[in-house]
Structures are given as C-alpha cells and as structure tokens.
Amino acid sequence: MMKHFLSVKDAGDVISLVNEARECKADPYVNSELGKNKTMGLIFMNPSLRTRLSTQKAAINLGMDVMVMNFTGEGWALETNEGVVMNGDKAEHIKEAAAVVGEYCDVIGLRSFPSLVDRERDYSENILNAFVRYSDKPVVNMESATRHPLQSLADILTIEEFKTAKRPKVVLTWANHPRALPQSVPNSFAEWINQTDYDFVIANPEGFDLAPEFAGKAKITHRQEEAFEGADFIYAKNWSSYHHYGERYYGKENWMVDQEKMKLTNNARFMHCLPVRRNVIVSDDVIDSEHSIIIQEAGNRLWAAQAVIKEILVSK
Ligand code: SN0
C-alpha cells in the first residue's frame, strides 16, 4: 500500500521497492494499461531536468497522460501563509491552487525547494504538506524542502547493480560549491542508506553535519581522506549548513573529489545526483573516468519513478 511518496517512510521495505524498480527496468511496458485514463500532474516550483523527464516517461510507460506546469513565472505567485490579507504581490493561495490541481489530476508530483532562510518552516514541509492536505490526491515528492526520495531510490538501485562486496562501504562526501544548496539530497540519501546494511560514512566540514534525525546511525567524520580509505562508492554532494541554517562554506579546505583522493579508495565508483559543477565538486578526470557511474545513476531515475507510480496506482 502506497498512498503518498514523501519520504522513506512511504517506501515500505527499501530493498523490495528497489527490486520492483529492477522489474520495471527488465520489462518497462508490462503495466502499460495500469494508468489508462489517469492523469499525472507534475508541478515545478524550481528547475529540473532528470526529475521532469524521468517522472514523465515513467507515467507514460504506465499508460498515464501527463501534464507538466512550471509555477514559477507561469502560474500565479502563491501565498503559503495562513490568515494573511492578500493585498500584496501574491495572487493565489496554495490552498486553492493545490485543490484545483487535485480536480484535474489523479496523481501529483511536486518539486519545491527550501527557502534556506527559515529552518523551522522548511523542515515543517509546509508546501509539500499543503499539496497533500488540499489536493486530496496521492503526492509524489520530486524534491521538497528536506528530501529527494526518488533520487535516493535510484541511488540504491545503482549501488545494488554495481556493488561487488555484499556489504559495500558507501561514503557520502560534502564537496565545494559556489552557492548555498538544499540539504534535501544528502538528507534523503542518509535516510535511505540507513535502511540498508551498507557500511555508511558521511564526511563533511565542521558546521555542516546533517540534522541528526537524517544522519541517524551513519559514522560522521570531518576528515575527508579518512572517510575515503577503502570506500566502494563515493557519493559527492554539496549542501548548505543545517546548524547555521543556509550558510555556505567559507573555509579554506578543498573538498573537491579528485584522482589523488580516489586513489585512497577501493577502486570506488563515483556517484552524483547531477547537475554537477565540474572542477568544483569533482575533477574532469574523475567524472570522465570509467569509475564514474553518474549517467547510469541518472538513467535509473526512470525505474525508480516507475516503481513508485506503479505502487501508487495499484494502491488506489
Ligand atoms: C539541487 C540541489 O538540491 O542541490 C538539485 C539537485 C538534484 N541542485 C542545484 O540547485 C544546483 C544548482 C547549481 O547552481 O549548481
């Protein structure tokens, strides 16, 4: 039973859902009648490449019709606060907007990044939860303020495909970036990997530890090279600070993943959710090497989305 797909809590057993994604990959059109006369609505408050195309294609493979709308610039500016006098620049309240989308769609995908200004508000997931509450339809999280579960499902599928040890050492490493980015991808990655039996290490600068409820039982180190020793997978990602909320890094250490650091690993595979800043997050020679599996990882986004939408359709 899957009502919504908001976090790992909706996934049931993680490895079973990974196996469902594998089945979709092996036989993509076996359920092409399941979504007949059903409409998937994809709502974007932020840019997207992989999420938009993979989720759209997944719904098409299941026989659904798909409508995509960018709210930024194309929809009315949304008010998300309760009880405000709407005499400013916000033309429509999220209550009506979500309810109206629910009138037209059977399943709704939503992308809405954090403000990175107000931690309490971001971590309350007020926008995602408003769509859940007011649309009255199943909602798929296509990256919210605190999570990106479709990415994490694809990541575990990819690790399962490429792992050579039964219990691989998986390292999530923070890396440099010129902008302040959400914690959504690393939060979800940690939340999902904590549901597996992998050896899991997170490396990040001091002040950049993830929220404890996401880091969970992971080993945390502030020394990147120590984490890389014997790693089977290096998963790079930048995130802004949770503790000094939304701040970016002004320290001097270079956290870019390069060949020197990769030499410390057990011939590790390199992963990143994309989009990636070359020669900031990762050097050209690592991302272009045969150890890089970023394209296969992105390809697996389709099968992750298809498994999730299928589960929602069969649960309705
Ligand atoms: C988003 C993030 O959450 O980090 C989406 C990742 C799937 N990434 C960015 O916003 C990158 C923007 C940039 O300027 O590189």
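In this text, all values refer to a predicted model and were calculated from it rather than measured experimentally.
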Got a donor-acceptor contact below 3.5 angstrom from the [X] side chain to the [Y] backbone?
{"X": "Lys219", "Y": "Asp199", "value": "no"}
{"X": "Ser48", "Y": "Arg52", "value": "yes"}
{"X": "Trp174", "Y": "Phe208", "value": "no"}
{"X": "His243", "Y": "Gly207", "value": "no"}
{"X": "Asp232", "Y": "Lys169", "value": "yes"}
{"X": "Asn31", "Y": "Leu34", "value": "no"}
{"X": "Asn300", "Y": "Leu157", "value": "no"}

TODO: Hey, could you give me each pair passing side-chain hydrogen bond (donor to acceptor under 3.5 Å, both in side chains) that has a residue in residues 268-282? Not counting sequence neighbours.
DONE: Arg278-Asp284, Arg278-Asp288, Asn279-Asp284
Open item on the list: Before you tell me yes or no, could you show the steps for Glu297 and Thr158 under side chain to side chain donor-acceptor pair (under 3.5 Å), namely the whole-Å CA-CA distance, both residues' side-chain angles and the distance that decides it to 0.1 Å?
Closed with: CA-CA 6 Å; Glu297 180 185 1; Thr158 310; 5.9 Å; no
Separation between [atom1] of [X] and [atom2] of [Y], rounded to the nearest 0.5 Å:
{"X": "Glu253", "Y": "His222", "atom1": "CD", "atom2": "NE2", "result": "10.5 Å"}
{"X": "Lys166", "Y": "Thr164", "atom1": "NZ", "atom2": "OG1", "result": "13.5 Å"}
{"X": "Trp192", "Y": "Gln151", "atom1": "CH2", "atom2": "CD", "result": "11.0 Å"}

Task: Hydrophobic cluster of Leu274, others only, ordered by chain and residue number, side-chain cut-off 4.5 Å - done: Val171, Val201, Phe228, Ile234, Val257, Met262, Leu264, Phe270, Val276, Ile281, Val282, Val286, Ile287, Ile294, Ile295
Open item on the list: Who clusters with Val280? Use side-chain heavy atoms, under 4.5 angstrom, across I, L, V, M, F, W and Y, and order the result by chain and number.
Closed with: none
Open item on the list: Quick one, Glu125 with Thr146, criterion side chain to side chain donor-acceptor pair (under 3.5 Å). Give me CA distance, side-chain angles, the key distance, then yes/no.
Closed with: CA-CA 7 Å; Glu125 289 287 10; Thr146 69; 2.5 Å; yes
Task: Minimum heavy-atom distance between Ala180 and Leu116, given as atom pair plus value - done: O-CD1, 3.6 Å
Open item on the list: Side chains of Arg121 and Thr80 only: does a donor on one sit below 3.5 Å from an acceptor on the other?
Closed with: yes
Open item on the list: Just to verify, which of Pro149, Ser7, Ser112 counts as forming a side chain to side chain contact (heavy atoms under 4.5 Å, CB included) with Asn141?
Closed with: Pro149
Open item on the list: Quick one, Thr51 with Glu143, criterion side chain to side chain donor-acceptor pair (under 3.5 Å). Give me CA distance, side-chain angles, the key distance, then yes/no.
Closed with: CA-CA 9 Å; Thr51 300; Glu143 188 169 349; over 6 Å; no
Task: Audit row: Tyr245, Asp122, side chain to side chain donor-acceptor pair (under 3.5 Å) steps and yes/no - done: CA-CA 10 Å; Tyr245 194 63; Asp122 286 348; 2.6 Å; yes
Open item on the list: Taking ring pair (Phe, Tyr, Trp, His ring centres under 6.0 Å) as the definition, give me every residue that meets it alongside Phe233, ordered by chain and number, with sequence neighbours left out.
Closed with: none
Open item on the list: Check for me whether the distance between the ring centres of Tyr123 and Tyr242 falls short of 6.0 Å.
Closed with: yes
Under 3.5 Å, side-chain donor or acceptor atoms of residues 90-103 against the rest of the protein: list the pairs with distances, not counting sequence neighbours.
unit_1 : atom_1 : unit_2 : atom_2 : d
His93  : ND1    : Lys95  : N      : 3.1
His93  : NE2    : Asn81  : O      : 2.7
Lys95  : NZ     : Glu82  : OE1    : 3.1

Per-pair distances, 0.1 Å, donor-acceptor, side chain in residues 60-78, under 3.5 Å, sequence neighbours excluded:
unit_1 : atom_1 : unit_2 : atom_2 : d
Asn61  : OD1    : Lys57  : NZ     : 3.1
Asn61  : ND2    : Gln306 : OE1    : 2.9
Thr72  : OG1    : Met45  : O      : 2.9

